Colleague: 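My questions will all concern the structure given below.
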Amino acid sequence: MRTPHGCVAIFRTADDRVFALDDRCPHKGGPLSEGIVHGTSVTCPLHNWVFDMTTGQAQGADSGHVATHPVRVQDGRIWLDTRAMRRAA
Amino acid sequence: MAQKLVVIGAGMASGRMLEHLFDMAPGQWDVTLFNAEPRGNYNRLMLSPVLSGDKTYDQIVTHDDAWYAAHGVTCRFGESVTAIDRDAQVVQGANGPVPYDALVIATGSAPFIIPLPGHRLPGVVAYRDLEDTNAMIEASRPGAKAVVIGGGLLGLEAAAGMAARGAEVTVIHLMGHLMERQLDPAAAYLLQRDLEGRGIRVHCKGATKAILGEARVDAVLLEDGTVYPADLVCMAVGIRPETRLANDAGLEVARGITVDDQMRTSDPAIYALGECVEHDDQLFGLVAPLYDQARVLAATLAGDQAAFRPIQTVTKLKVTGCDLFSAGDFADAPGREDIVFRDPGRGIYKRLILEGDRLIGAVMYGDTADGAWFFDKIRSGADITADRDTLIFGPAFAGGAQADPLAAVAALPPEAEICGCNGVCKGQITAAIQGGAHSLDAVRGLTKASASCGTCTGLVEQVMALTLGDGFAANANPPMCKCTDHTHEDVRRLIKSMGLKSIPAVMQDLGWRSVGGCASCRPALNYYLIADWPTEYRDDRQSRFVNERNHANIQKDGTYSVVPRMWGGVTTAAELRAIADAADRYAVPMIKVTGGQRIDLLGVRKEDLPAIWADFNDAGMVSGHAYAKGLRTVKTCVANSSAVLAPRIRPAWESGWRRCCGGPGRPPRSSWGFRDVRATAPRRRARISASSAWTAGSRSAWQAPPAWTCAKPCRC
């Protein structure tokens with residue numbers, strides 16, 4: 001999803017939980033939205049960095065952080081809290 | 001006619017001795033049992049639970065009136081023996097004499113009372129029998145103040161018992177740390193911390209100067225001037241063998257009544273056992289050797305051969321919540337080494353004392369579960385060199401991580417079954433290996449071991465490692481990924497043999513360690529499932545790598561490279577024109593000739609991918625599958641083959657498609673799909689690849705322009 005402050009990747013896990021993270025891997029800017037989701041983690045398609053979608057922290061030997069954004073699902077729509085983005089911008 | 005046996009003292013040792021005797025030689029002896037306490041045998045060790053309120057006296061009685069009656073024991077309880085007439089072989093009881101053929105002295109021990117000023121005041125008790133215990137129970141009203149002199153085993157049990165009943169307890173101990181005969185300072189520190197946590201005050205290096213009071217105990221004064229108020233003083237500073245009767249009778253007495261290996265005293269008609277004896281310069285205070293003495297004496301009286309050999313003993317503190325274990329010798333001495341495990345946060349301390357190759361002592365606090373195991377090592381004097389690394393972790397680790405991992409397999413006999421599916425035993429595998437099968441596949445081919453479900457692959461490999469020694473490179477097949485120990489081959493075989501038809505089913509049944517797998521195993525499982533269950537399994541797009549989903553290769557900057565197929569590197573002006581048009585229309589920043597005789601359009605944005613593929617499709621071009629983990633391209637040389645081969649490749653490919661869907665149609669964009677050809681049996685190849693090609697195409701929403709999708713959902 002495009003926002004004025006950059007792309008946000010929306011993920012749905014196997015157990016139907018929804019997460020929103022900046023669509024940009026802190027390593028080389030890979031599009032996380034194209035990554036493979038496993039459990040509550042997503043693997044960047046470029047260099048296989050793995051991020052915990054609940055915290056945005058890189059897992060394993062890599063260290064880095066992706067901004068996470070609050071989301072809620074209401075009547076089948078996903079609402080994204082953009083206030084933090086605006087503050088950051 | 002039964003002989004007359006008189007037993008003086010109804011303690012734990014004499015009770016056990018009588019039990020043995022009646023078992024071994026029923027009716028041989030006519031027994032008279034004296035006891036100064038007005039009761040029969042009870043388990044003195046259990047006085048602590050009685051004091052703390054965990055048990056009642058009735059629960060600790062070991063022999064009741066019915067038992068004495070059943071064995072014809074004449075009970076003279078509450079009656080003390082005043083003298084022994086050895087010449088006449090008569091025991092003088094307070095209520096009359098009893099003649100004996102054999103006499104057993106089991107008078108036990110007397111508490112040692114320090115002759116301090118005030119030690120005779122009411123309210124000063126020892127901790128020896130039920131009377132003492134009851135006195136302490138009575139004095140342990142909540143809020144009452146009690147002082148225990150002596151921080152040994154008995155004193156601490158008394159202190160804990162009274163504290164449990166609500167008394168305010170202070171322990172005064174002469175030495176630098178509690179239980180110095182059983183514990184080292186570190187373990188004693190943990191014990192002291194635990195006791196203080198229960199509200200017991202501990203005063204080490206405290207010498208008592210006097211017990212103060214007028215009509216009754218009032219306080220305890222220490223040498224350093226400290227005064228502890230006390231409603232009750234329990235003196236638990238030690239015991240000494242009760243030898244007065246034996247002394248008076250002129251028997252040989254050192255510290256205790258001296259006995260030989262048969263528990264016989266210097267008078268052959270008189271025996272002794274229990275805490276009152278001295279054997280080989282040693283006194284005994286713990287129950288285990290006393291029970292041994294009881295067994296030996298019973299055998300001697302029954303006319304059997306037996307000899308007492310003192311054994312190592314174990315000390316355990318009977319205070320709920322304080323797990324303490326001490327065995328063997330743990331004093332510092334030259335040539336001794338220790339292994340220490342310390343976890344102060346959890347209150348766990350273990351120390352093993354080694355002398356040479358043997359374990360000679362163990363002190364544990366907080367976690368004493370392995371005590372018996374260590375004690376056995378101490379007793380057996382086993383060489384512990386091999387286990388030394390893991391010894392402190394006890395039997396759970398003994399020979400565990402450090403031991404030879406092949407030992408279990410090595411121990412199997414040749415007829416032990418290794419492969420349950422095919423009924424292959426170890427001997428057959430060994431024979432096959434010795435016959436020249438030096439690889440797993442070779443063994444599988446010859447014996448079928450691990451060729452079905454594959455769960456025994458590890459075992460077969462271990463047999464190979466054992467048989468071949470260093471010549472075998474174990475684990476030549478690495479696991480699929482870190483989520484599992486199975487290899488790709490194992491997983492493929494198990495998917496088929498177990499009928500697993502979804503990714504979650506595979507992960508559950510094969511014990512995946514991770515939730516939802518990882519970016520490495522998900523695409524592989526998705527592919528294997530498509531290959532094995534083409535009609536039932538639904539492709540999981542989320543398990544495909546980005547390139548497969550988007551039919552283009554993602555680049556460092558997040559754009560994509562688009563590679564149309566170019567058969568054998570042969571193209572036409574129309575195709576080149578279509579490529580050039582697309583490059584213009586979508587502002588492709590770079591066009592590159594690839595090493596695989598194709599043309600690569602680099603820098604295409606993701607949102608342009610559907611349109612650019614639609615344009616190429618309209619020009620009759622399909623994807624070159626530059627992202628496939630399989631056959632992507634065939635290079636040809638113009639000199640001999642291009643002209644001949646290239647025209648044949650395309651029709652062969654297209655005819656394959658026609659055969660599959662039964663109609664002319666346009667070639668699918670997906671390739672023939674020679675993916676993973678090596679892993680697929682030749683006769684299955686057509687079916688697998690065609691179906692995988694179909695799913696790849698038709699399930700993609702935008703990625704499925706009309707020309708790409710077969711009009712009929714073919715299930716070939």
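No experiment lies behind these values; they were computed from the predicted model shown. Lettering follows sequence order; numbering is per chain, from 1.
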Colleague: Answer yes or no: are there more than 12 heavy-atom neighbours, outside R513(B) itself, under 6.0 Å from its atom CZ?
Modeller: yes

Colleague: Is the CD atom of Q508(B) crowded by more than 12 outside heavy atoms at less than 6.0 Å?
Modeller: no

Colleague: Quick check: closest heavy atoms across P31(A) and I554(B), and the distance to 0.1 Å?
Modeller: CG-CD1, 3.5 Å

Colleague: If you count every heavy atom of other residues, nucleotides or ligands that lies below 6.0 Å from R598(B) atom CZ, does the total exceed 12?
Modeller: yes

Colleague: With a 6.0 Å cut-off (strictly less than), is the heavy-atom count around NZ of K501(B), excluding the residue itself, greater than 12?
Modeller: yes

Colleague: Under a 4.5 Å heavy-atom cut-off, does chain A meet the side chain of S543(B), its backbone, both or neither?
Modeller: backbone

Colleague: Against chain A, work out which of P523(B), G558(B), C518(B) has the most heavy-atom pairs shorter than 4.5 Å and name it.
Modeller: C518(B)

Colleague: Mind listing the closest non-hydrogen atom pair of R522(B) and I36(A) along with its distance?
Modeller: CD-CG2, 3.7 Å

Colleague: Contact part of P45(A) toward chain B, heavy-atom cut-off under 4.5 Å: side chain, backbone, both or neither?
Modeller: both

Colleague: Measure the shortest side-chain to side-chain distance between E34(A) and K606(B) over non-hydrogen atoms and say whether it is less than 4.5 angstrom.
Modeller: yes

Colleague: Keeping the roles fixed (side chain from H38(A), backbone from G516(B)), state whether a donor-acceptor pair exists under 3.5 Å.
Modeller: no

